[in-house]
Amino acid sequence: MSDGAFLYILRCADDAYYVGTTRGSLERRIGEHNAGTFGGWTSSRRPVSLVFHQHFSSIVDAIAAERRVKGWRRAKKEALIRGDFDGLRALSIAYGKRKE
């Protein structure tokens with residue numbers, strides 16, 4: 001799919017997660033991360049591997065999702081990566097109760 005945009009999550013060599021978005025080729029963007037093309041956060045944490053991606057029809061929607069996911073704790077990101085939507089919901093509810 002080359003139309004639209006992608007939200008993606010990378011697992012870095014230090015086991016950290018990186019959340020990003022891209023238009024066009026997801027494979028090209030992952031290659032750029034692994035080559036250190038743009039420097040930045042992942043350049044010192046290579047190699048990286050793609051662990052999650054979601055296609056959006058517009059970059060605006062992908063960026064909105066990126067902002068949400070970047071704010072999530074690790075456990076919630078890992079539930080998304082696993083496709084564990086019940087777990088994701090439970091983590092959201094549990095976090096909301098702690099804030100009360």
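Model, not experiment: these values are computed from the prediction. Heads up: numbering here begins at 1 and tracks the sequence.
- Under the side chain to side chain donor-acceptor pair (under 3.5 Å) criterion, Lys76 pairs with Ser92, not counting sequence neighbours.
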Candidate pair Phe85 and Leu80, rule side chain to side chain contact (heavy atoms under 4.5 Å, CB included), full reasoning: CA-CA 7 Å; Phe85 300 107; Leu80 178 65; 4.2 Å; yes
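- Not counting sequence neighbours, the partners of Arg89 by the side-chain contact (heavy atoms from CB on, under 4.5 Å) test are Asp86, Ile93.
- A single hydrophobic cluster is seen to contain both Phe6 and Ile30, as judged by linkage of ILVMFWY side chains at heavy-atom distances under 4.5 Å, directly or through other members.
- Every residue two or more places apart in sequence or in another chain that forms a side chain to side chain donor-acceptor pair (under 3.5 Å) with Tyr17 is listed here: Arg11, Glu78.
- Hydrophobic clustering, with ILVMFWY side chains joined whenever heavy atoms are under 4.5 angstrom apart, keeps Val51 apart from Leu26.
- Residues Thr21 and Phe56 fail the side-chain proximity criterion, which asks for heavy atoms closer than 4.5 Å.
- Atom-to-atom distance recorded for Leu7:CG and Thr22:OG1 is 11.0 Å, nearest 0.5 angstrom.
- A pairwise comparison of heavy atoms in Leu91 and Ala79 identifies CD1-CB, 4.1 Å as the closest pair.
- The side chain to side chain donor-acceptor pair (under 3.5 Å) contacts involving residues 40-49 comprise Asp14-Arg45, His33-Thr42, where partners must be two or more places apart or lie in separate chains.
- The two residues Ile81 and Phe52 have their closest heavy-atom pair at CG1-CB, 4.0 Å.
- Interatomic distance, CD1 of Ile9 versus CD of Glu66, reported as 10.5 Å (0.5 Å rounding).
- Ser58 is linked by a side chain to side chain donor-acceptor pair (under 3.5 Å) to Asp61, counting only residues two or more places apart in sequence or in another chain.
- Scanning for side chain to side chain donor-acceptor pair (under 3.5 Å) contacts around Glu32 gives Arg28, Arg29, with sequence neighbours left out.
- Of all the heavy atoms in Lys70 and Val19, the pair that sits closest is CE-O, 2.9 Å.
- The salt bridge (charged side-chain N to carboxylate O under 4.0 Å, His left out) test applied to Asp84 returns Arg82, not counting sequence neighbours.
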